[in-house]
S.K.: 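Can you read through this structure? Questions will come right after.
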Amino acid sequence: MARARHSSDEPTAIPSGPPGTPGPELEALSPVAGGVRGVAVLLGRNLGAQVLAVGATIVLARLLSPKDYGAFAVASVIQQSAIIVVNFGLPAALVRRPSAPSIEELQSVSGYVLAMGTAVAAAALAIAFVILPLLGASSEVADLAAIACLSLPILGVQTAPIVLLSRSLDFRRVVVIEISDAIAFYSFAVIAAVAGLGAFSLAGAVPVAAIVGMIMAFRVRPWERGFRIHREHIRRLAPFGMRVGVFQAAAITRELGFVALLAGLGGQALAGFYGMALRLFAPPYAAMAAIERVGLAAFTKVESGANRARQAARAAGVAMLAVGLPMALVAGAADPLVSLLFGSRWLPAADIAVVASAGVLLFSGAGTVLVSHAFSEGDARSPLIGILSQIVVLLGLALILVPGDPQIGTGVALGAGFAAFALVIWLRAPREARSSGAAIIGGLLVAAGAAACGHAAAATVGTGAVAVGVSVAVTATVWAVLAVLLARPSLKLLISLIRRHLIARSSRAGVEGLGAARG
């Protein structure tokens, strides 16, 4: 059956000609530039969601205890583990390959994920609310995980729209889905927390958000082809999907093992502080997720081999610089920001975030780009070796350091683990991709210097909103100066890509306006 053509199935284009004077002809945006534009769209359009998240987290931090956050952190990792089992890497297999998926393949992957999601959700409910109570071993974490797992079948339903949007680099509509999801999650969580549901307010928000995200996915990218499972399509996609699934499973194992270890060594409150530290990393983590999502689809549109590796090297340098700014702002103002927004009882989370920030930056910037490049080349072995190295470093340092100093030990283990992952994936990258080394170090030095100056400036002022404002101003100023001095090539490329993105948006708006006028 011929696949129906849809406008979102093709890469977006920008007008040719000098800036501000687009001509009638359209030239295809280069895949890497298109990828960076996709990252910019994801980050820019997520600004409202981030503001909402900060506001909601302020309320939740005062309604919920660190113990509540710790319980949900463990339950959330279990739910994320279930997502890996349900997806089996099949959506990533469809996004990665050069040829467009057929209707039958989309139906098969969607049907498989839907069926597996339903089965896993039913099993989680049975374990939490039937089997464990019969055995006299009921668990709050199991109950929270089971409720969160109600989202699994819903995520399966929206598989096809998300795959199609990702393949076409149409991340404007992906962001609409994610913002709707975030609004639903935090709105439900706050209302339920006010009602006194404790950690269940967060768990219940997961399926609610999934339902809203599914509705928006079908509104922005309709899919009416249904769901069925063709075993031959699943078998053909399974080899790469299995390799991706193993990597994702290792990532979840890392997270679950680390959270469980923290809870065992420092109590559930320490796991809660760790969960709040991850929320402080929301801007750089959002950048990491955007780069990861866009990178695979963008790199597969570049000729495989040396050219793709060189593009990866340039992208790694730009990513380090771009992600380094929000990371530096968070690290520089962490203490007064946490105290102001969440209360002084959450200050241990700031210590974790500051200590871990350099290592997290190395991976969220350069490491994520190189992982996406590896997957685009069909290399799932290197990312797997990288994450296994991270697990060894992370858990080993936690066992050694956390008993002596829980917060600093957690931060050192977290940062060193991410740094180890980034180093391994860089060492295993092609020679052309390893040419990014100088740019990566330059981006790290820029962010570290800016964060140190911002932290020092905040310390001289004290606490409160003034300290946060001073830290942000100093950090941003120092970042700009150091970027010019230490990372000028990456800065020039970043500015150029941002400029092209803005031109593309302006041109699209003009074309859409002209089309509306003609209509």
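Just so you know, residue 1 is the first one in the sequence shown, and it goes up from there. Scope of the values below: all heavy atoms of this structure, side chains included, with no hydrogens, waters or symmetry mates. In this text the structure is predicted, and so the values were computed from the model without any measurement.
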S.K.: Is it the case that the side chain of Ser471 and the backbone of Gly332 share a donor-acceptor pair, with hydrogens and angles ignored and the cut-off at 3.5 Å?
M.R.: yes
S.K.: Within this structure, what is the CD1-CG distance for the pair Ile387 and Leu394, rounded to the nearest 0.5 Å?
M.R.: 10.0 Å
S.K.: Tell me whether Ser76 contacts the main-chain N or O of Phe72 through its side chain, where contact means a donor paired with an acceptor under 3.5 Å.
M.R.: no
S.K.: Distance check, rounded to the nearest 0.5 Å: Ile78 atom CD1 versus Ile83 atom CD1?
M.R.: 12.5 Å
S.K.: For Leu261, run the side-chain contact (heavy atoms from CB on, under 4.5 Å) check against Leu395, Val402, Leu270 and tell me which one passes.
M.R.: Leu395
S.K.: Do the rings of Phe258 and Tyr274 sit parallel, tilted or perpendicular, given the 30° and 60° boundaries?
M.R.: perpendicular
S.K.: Start with the C-alpha distance between Leu445 and Leu482, add both sets of side-chain angles, then the distance that settles side-chain contact (heavy atoms from CB on, under 4.5 Å), and finish with yes or no.
M.R.: CA-CA 8 Å; Leu445 292 175; Leu482 292 179; over 6 Å; no
S.K.: Sub-3.5 Å donor-acceptor pair from the side chain of Ser339 to the main-chain atoms of Ser344, do we have one?
M.R.: no
S.K.: What distance do Met320 atom CE and Thr368 atom OG1 have between them, rounded to the nearest 0.5 Å?
M.R.: 10.5 Å
S.K.: In Å, rounded to the nearest 0.5 Å, how long is the span from CD of Glu140 to NZ of Lys67?
M.R.: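 It comes to 7.0 Å.
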S.K.: Could you list all the side chain to side chain donor-acceptor pair (under 3.5 Å) pairs where at least one residue sits in residues 345-361, not counting sequence neighbours?
M.R.: none
S.K.: Rounded to the nearest 0.5 Å, what separation is found between the CZ atom of Arg254 and the CD atom of Gln390?
M.R.: 4.5 Å
S.K.: So, for Leu64 and Ser201, which heavy atoms are closest and what is the spacing to 0.1 Å?
M.R.: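 Looking at all heavy atoms of both residues, the shortest contact is CD1-OG, 4.1 Å.
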S.K.: What donor-acceptor contacts under 3.5 angstrom involve side-chain atoms of residues 404-426, with partners at least two apart or in another chain?
M.R.:
from	atom 1	to	atom 2	distance (Å)
Asp405	OD1	Ile408	N	3.4
Thr410	OG1	Pro406	O	2.6
Trp426	NE1	Arg434	O	3.4
Trp426	NE1	Ser436	OG	3.4

S.K.: Taking atom CG of Asp335 and atom CG of Leu340, what is their separation to the nearest 0.5 Å?
M.R.: 12.5 Å
S.K.: Do any N or O atoms from the side chain of Thr475 and from the backbone of Val472 form a donor-acceptor pair under 3.5 angstrom?
M.R.: no
